[in-house]
Amino acid sequence: PLSASYCHQVYRTLNRLLQAAVEAEMVARNPLDGVKPPKVERGEMRFLTADEVATLTAVIEPRYRVFVLLAAYCGLREGELRALRRHHVNPLHKKITVVEQLDERRGGGWDTWDPKTHESRRSVPLAPFIAEELVEHLALWSEPGRKGLVFTAPQGGPVRIENWRRRVWAPAFTTANIEPLRLHDLRHTCASLAIAAGADIKVLQAMLGHKSATTTLDLYGHLMPGQMEAVADRLDAIGRAARPTVVAKGT
């Protein structure tokens with residue numbers, strides 16, 4: 001039987017095609033409206049520490065060092081990373097604009113789609129150290145031209161993710177002595193690191209491109225158990241420092 005994740009992927013692709021047909025007035029309605037794809041059970045989340053990310057990027061093939069950094073510190077999805085073009089990244093102003101994602105077709109070829117949701121179209125700030133690394137990456141590894149891909153396969157063209165997992169990703173986490181993990185776990189790692197850096201739910205929602213803050217809270221709320229206590233401590237400092245204003249009588 002086909003897996004739920006594969007059925008979900010087929011549903012998503014077909015739904016996009018049918019919606020495009022509706023917009024082009026080729027069909028009257030999308031027959032998938034109201035049809036829900038099978039629920040995909042979430043795998044166990046993995047969260048790397050900043051030291052583990054640094055170890056991983058130290059041993060991975062150099063042309064994919066920034067690929068990993070953007071996943072771990074900016075939370076870009078796999079398809080968003082592969083779709084990045086030079087005019088989407090701005091190291092000088094320290095930001096990346098996510099406007100599309102790239103998917104492989106079964107049997108070969110590529111499809112470029114809008115991001116997963118409207119909220120997934122977003123501007124993501126870059127930490128200065130990643131902006132510096134990105135400048136070097138663009139000079140050494142990216143395709144030329146404004147629309148050149150930021151990340152490519154060694155032989156050119158988009159990154160073929162299954163080949164990349166087998167030839168680059170698995171050897172890297174093995175060499176780094178890190179338990180096997182999915183590329184998507186770097187997105188979870190980004191959430192964890194951002195929360196540790198003080199991000200609240202709304203900031204995290206915007207950064208990751210979630211449709212709602214509820215989704216973000218459901219996924220990562222358990223990483224914030226100490227935030228209310230931290231807020232209480234800051235309120236304590238504010239309250240202790242507060243001084244009453246003396247108001248003269250009769251004013």
Side-chain angles (χ1 to χ4, degrees), residues 1-43 67 70-71 74-90 95-124 142-153 155-165 182-184 186-188 190-191 202 204-216 218-219:
L2 298 175
S3 68
S5 60
Y6 176 68
C7 291
H8 196 281
Q9 183 178 2
V10 170
Y11 168 89
R12 190 175 66 179
T13 301
L14 183 58
N15 189 46
R16 285 170 172 164
L17 290 171
L18 290 169
Q19 189 58 42
V22 171
E23 292 171 2
E25 299 183 348
M26 297 173 68
V27 296
R29 60 178 294 274
N30 183 347
L32 287 183
D33 283 347
V35 177
K36 293 184 178 180
K39 185 176 180 180
V40 179
E41 296 297 327
R42 292 179 183 144
F67 190 87
L70 291 184
C74 297
L76 269 65
R77 299 176 177 93
E78 172 191 298
E80 295 169 347
L81 286 165
R82 293 194 291 165
L84 277 182
R85 298 184 183 274
R86 281 180 177 266
H87 65 99
H88 298 152
V89 301
N90 191 330
K95 72 173 184 178
I96 287 178
T97 305
V98 178
V99 296
E100 60 188 7
Q101 63 182 30
L102 198 64
D103 290 332
E104 295 176 51
R105 295 192 208 114
R106 284 189 169 245
W110 306 91
D111 288 314
T112 301
W113 303 102
D114 289 338
K116 190 175 180 181
T117 64
H118 173 74
E119 290 75 15
S120 293
R121 296 177 66 93
R122 63 200 188 278
S123 179
V124 183
S142 300
E143 288 180 343
R146 182 173 176 272
K147 293 188 177 181
L149 289 171
V150 174
F151 301 109
T152 65
Q155 68 276 17
V159 175
R160 293 191 175 276
I161 206 65
E162 289 304 323
N163 291 344
W164 184 84
R165 287 191 185 110
R182 304 162 301 172
L183 177 60
H184 196 75
L186 293 183
R187 185 167 158 84
H188 300 321
C190 174
K202 292 299 290 183
L204 201 57
Q205 176 199 353
M207 188 174 181
L208 297 177
H210 285 155
K211 188 172 183 179
S212 71
T214 302
T215 300
T216 312
D218 286 346
L219 284 170

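Residue numbers count from 1 along this sequence.
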Quick one: are Ile161 and Leu183 in side-chain contact, heavy atoms under 4.5 Å?
yes

For the residue pair Ser123 and Lys95, establish whether any side-chain heavy-atom pair is separated by less than 4.5 Å.
yes

Would you give the length of the straight line joining atom [atom1] of [X] to atom [atom2] of [Y], rounded to the nearest 0.5 angstrom?
X	Y	atom1	atom2	value
Thr216	Gln205	OG1	CD	5.0 Å
Leu32	Gln19	CG	CD	10.0 Å
Arg82	Thr112	CZ	OG1	10.0 Å
Leu70	Leu186	CG	CG	10.5 Å

Strictly distance-based, threshold 3.5 Å: is any side-chain N or O of Arg165 a donor or acceptor partner for the main-chain N or O of Asn163?
no

Kindly give the heavy-atom pair with the smallest separation between [X] and [Y], and that separation in Å.
X	Y	answer
Gly209	Ser120	O-OG, 3.1 Å
Phe67	Leu81	CE1-CB, 3.7 Å
Arg122	Arg77	NH1-NH1, 3.8 Å
Leu18	Val27	O-CG2, 4.3 Å
Val99	Arg121	O-NH1, 3.2 Å
Val22	Arg29	CG2-C, 3.6 Å

For residues 142-153, which side-chain N or O atoms pair as donor and acceptor with protein atoms under 3.5 Å away, sequence neighbours left out?
{"residue": "Ser142", "atom": "OG", "partner": "Val150", "partner atom": "O", "Å": "2.8"}
{"residue": "Glu143", "atom": "OE1", "partner": "Leu149", "partner atom": "N", "Å": "2.9"}
{"residue": "Thr152", "atom": "OG1", "partner": "Arg63", "partner atom": "NH2", "Å": "2.8"}

Sequence-distant partners of Glu25, side-chain hydrogen bond (donor to acceptor under 3.5 Å, both in side chains), two or more places apart:
none

Could you work out, with side-chain contact (heavy atoms from CB on, under 4.5 Å) as the rule, every residue matching Ala20, not counting sequence neighbours?
none

Hits for side-chain contact (heavy atoms from CB on, under 4.5 Å) against Cys190, two or more places apart or cross-chain, chain-then-number order -> Met207, Leu208

Contacts of type ring pair (Phe, Tyr, Trp, His ring centres under 6.0 Å), residue His87, not counting sequence neighbours
none

Evaluate the criterion side-chain contact (heavy atoms from CB on, under 4.5 Å) for residue pair Arg182 and His188; output intermediate values, then yes/no.
CA-CA 10 Å; Arg182 304 162 301 172; His188 300 321; 3.8 Å; yes

Among all residues two or more places apart in sequence or in another chain, which pass the salt bridge (Lys or Arg N to Asp or Glu O under 4.0 Å) test with Glu100?
Arg85

Under the side-chain contact (heavy atoms from CB on, under 4.5 Å) rule, what do His184 and Glu78 come out as? Steps first, then yes or no, please.
CA-CA 7 Å; His184 196 75; Glu78 172 191 298; over 6 Å; no

